[in-house]
Amino acid sequence: MASAATSGFVLRPFEGLPGEPDWVALKEIVPAATATARTTAEHGSRDVLVTTVLPMGWQALHRADGVILLALQTSRGSGDASRDLAAALLEALDIEPGSAVQTAGLPGPGPRLQDVLDLSVPFEVTMQPGYSYWLAPDIEVTAELSSAIEEADAGIVPTVKLAAAESAYWARLGTREFLRWAQPHDEQKVLDALARLHAKRESGFDDAKFVGYFRANGIVVPVWELAPGTEAAEIEKPVAEFLPRFTAALADDSPLDANARRARAGLVARQVTLR
């Protein structure tokens, strides 16, 4: 974790935050969701509604009713997403209600989310069917505003957070369904576990096929392609049954055998890195 006094590229910017894999998922693969956070006493013990996106690419919003929203999917990029987000959050705390933090220059060295947020507060994700949560409950919704929300909603990729496993998300991308499962474990440990299972042809579950993984914000996100038409509810039980097998593979620290080494080489060759 980079200190508050430094700046520059940070491979794993959300390390040390509660729910790190879900921070990454909301930043990279989830279209519409919110999650809970709170600032430290030093910064007012303010509740923060972390969100995937805000209108017009805003960094943050101090809503007219006093609610603070912080967007993860923004274009700001100093190389340390945690520093960028902390800067936007601190600015949102200071501006008048009804104001937004819009795209600005890159922040210099300063506090990161790990310094600004109360780390005892769990990062609890709520999937949202649309973007109406951008608005205060008592706001008058004009025809123009309603149309803008509807237009934004139309671009949402159907996505569901599973109950069977932490940070596992079903998604329908076009005509195909996938499970993308963000991992909190060290990358090498995850790759070894996947290789062990893949070598034994146990990396899939039910009719789901393990197709590879990508890296985002320093963590690994394995991906399974599901049978055509599979709904999220249909994989809750198979994922729950697969979880002990995956957990056992993660706990196995013995050297990989020849088959597993070949499987691991194949995984590495197919990776895609996202930042």
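Only heavy atoms go into these numbers, but all of them, side chains included; no hydrogens, no water, no symmetry mates. Index from 1, following the sequence. None of these values were measured; they are calculated from a predicted model.
Val116 has its side chain out of reach of Thr40: every pair of non-hydrogen atoms, C-beta onward, lies at least 4.5 Å apart. In this structure the side chain of His43 reaches within 4.5 angstrom of the side chain of Leu90, judged on heavy atoms. Side chains of Glu187 and Val190 form no contact here, defined as non-hydrogen atoms less than 4.5 Å apart. Counting heavy atoms from C-beta outward, Val30 and Tyr169 have side chains that approach closer than 4.5 Å. In this structure, the side chains of His185 and Ile219 stay at 4.5 Å or more apart for every pair of heavy atoms. Gln183 places none of its side-chain heavy atoms less than 4.5 Å from the side chain of Val221. Taking the side chain as every heavy atom from C-beta outward, Leu69 and Leu54 approach each other to under 4.5 Å. Looking at heavy atoms from C-beta onward, Val268 lies in side-chain contact with Tyr213 at the 4.5 angstrom threshold.
Ser45 approaches Ala41 most closely through the heavy-atom pair OG-CA, 3.3 Å. Shortest non-hydrogen contact noted between Arg245 and Gly204 is NH2-O, 2.9 Å. Closest approach of Ala195 to Leu267, counting heavy atoms only: N-CD1, 3.9 Å. Pairing each heavy atom of Arg63 with each of Pro137, the nearest pair is NH2-CD, 4.0 Å. Of all non-hydrogen atoms in Pro107 and Ser78, the two that sit nearest each other are CD-CB, 4.4 Å. Taking each heavy atom of Pro55 and Trp134 in turn, the nearest pair found is CG-CE3, 3.3 Å.
Two different hydrophobic clusters hold Leu135 and Val48 under the rule that ILVMFWY side chains link at heavy-atom gaps under 4.5 Å. Cluster membership check: Leu162 shares its hydrophobic cluster with Phe210, using side-chain heavy-atom separations under 4.5 Å among Ile, Leu, Val, Met, Phe, Trp and Tyr. Taking hydrophobic clusters as Ile, Leu, Val, Met, Phe, Trp and Tyr residues chained together by side-chain heavy-atom distances below 4.5 Å, Leu194 does not share a cluster with Leu256. Hydrophobic clustering keeps Val101 apart from Met56 (ILVMFWY residues linked when any side-chain heavy atoms are closer than 4.5 Å, directly or through intermediates). Leu17 and Val121 end up in different hydrophobic clusters when Ile, Leu, Val, Met, Phe, Trp and Tyr side chains are linked at under 4.5 Å.
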Self-check item: Verdict with reasoning, Trp23 to Phe123, per ring-ring contact (aromatic ring centres under 6.0 Å, His included)
Solution: CA-CA 8 Å; Trp23 279 91; Phe123 191 71; 4.2 Å; yes

For a side-chain contact (heavy atoms from CB on, under 4.5 Å) check, start with the C-alpha distance between Gln59 and Gln102, then their side-chain angles and the critical distance, and finish with the verdict. CA-CA 6 Å; Gln59 311 285 323; Gln102 302 183 37; over 6 Å; no

The test is side-chain contact (heavy atoms from CB on, under 4.5 Å); show your working for Leu70 and Leu113 and say whether it passes. CA-CA 11 Å; Leu70 177 67; Leu113 289 176; 4.3 Å; yes

Between Leu173 and Phe178, is a side-chain contact (heavy atoms from CB on, under 4.5 Å) present by the stated rule, with each step listed? CA-CA 8 Å; Leu173 305 176; Phe178 297 89; 3.8 Å; yes

| message | If you apply the rule side-chain contact (heavy atoms from CB on, under 4.5 Å), what do you find for Leu85 with Leu72, and how did you get there? | response | CA-CA 7 Å; Leu85 291 164; Leu72 297 185; 3.6 Å; yes

Determine, stepwise, if the pair Arg172 / Glu177 fulfils salt bridge (Lys or Arg N to Asp or Glu O under 4.0 Å).
CA-CA 4 Å; Arg172 174 167 287 131; Glu177 291 78 26; 2.7 Å; yes

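Rounded to the nearest 0.5 angstrom, Glu225 CD and Leu179 CG are separated by 12.0 Å. Distance CD/Glu202 to CG/Leu197: 6.5 Å, rounded to 0.5 Å. In this structure, CZ on Arg196 lies 14.0 Å from OG on Ser203, to the nearest 0.5 angstrom. In this structure, Gln128 CD and Thr51 OG1 are separated by 7.5 Å, a value rounded to the nearest 0.5 Å. Atom-to-atom distance recorded for Phe14:CZ and Asp22:CG is 11.5 Å, nearest 0.5 angstrom. Summarising the geometry, atom CZ belonging to Arg261 is positioned 9.0 Å from atom CG belonging to Asn259; distances are rounded to the nearest 0.5 Å.
Counting only distance, with no hydrogens or angles, the side chain of Thr36 and the backbone of Pro122 share a donor-acceptor pair below 3.5 Å. Arg83 contributes a side-chain N or O that, together with a main-chain N or O of Gly108, makes up a donor-acceptor pair within less than 3.5 Å. Judged purely by atom type and a 3.5 angstrom limit, Asp115 uses its side chain to pair as donor or acceptor with the backbone of Arg112. With hydrogens and angles disregarded, no donor-acceptor distance shorter than 3.5 Å links the side chain of His62 to the backbone of Ser99. A donor-acceptor pair is defined here as one N or O able to donate and one able to accept, closer than 3.5 Å; no such pair exists between the side chain of Asp65 and the backbone of Ala136. Of the possible donor and acceptor atoms, none in the side chain of Ser254 sits under 3.5 Å from a partner among the backbone N and O of Asp252. Thr52 places a side-chain N or O within 3.5 Å of a backbone atom of Pro31 that can act as its donor or acceptor partner.
A salt bridge links Glu20 with Arg12; the closest basic N to acidic carboxylate O contact falls under 4.0 Å.
Tyr131 and Tyr133 have tilted rings, their planes meeting at an angle from 30° to 60° on a 0 to 90° scale. Note on ring orientation: taking the six-membered ring where Trp is involved, the planes of Trp224 and Trp181 are tilted (angle from 30° to 60°).
Other residues, nucleotides and ligands contribute at most 12 non-hydrogen atoms within 6.0 Å of the CD atom of Glu166. No more than 12 heavy atoms of other residues, nucleotides or ligands lie within 6.0 Å of CD in Glu96, so this atom counts as exposed by the packing criterion.
Judged purely by distance below 3.5 Å, without hydrogens or angles, the side chains of Asp118 and Ser120 pair a donor atom with an acceptor atom.
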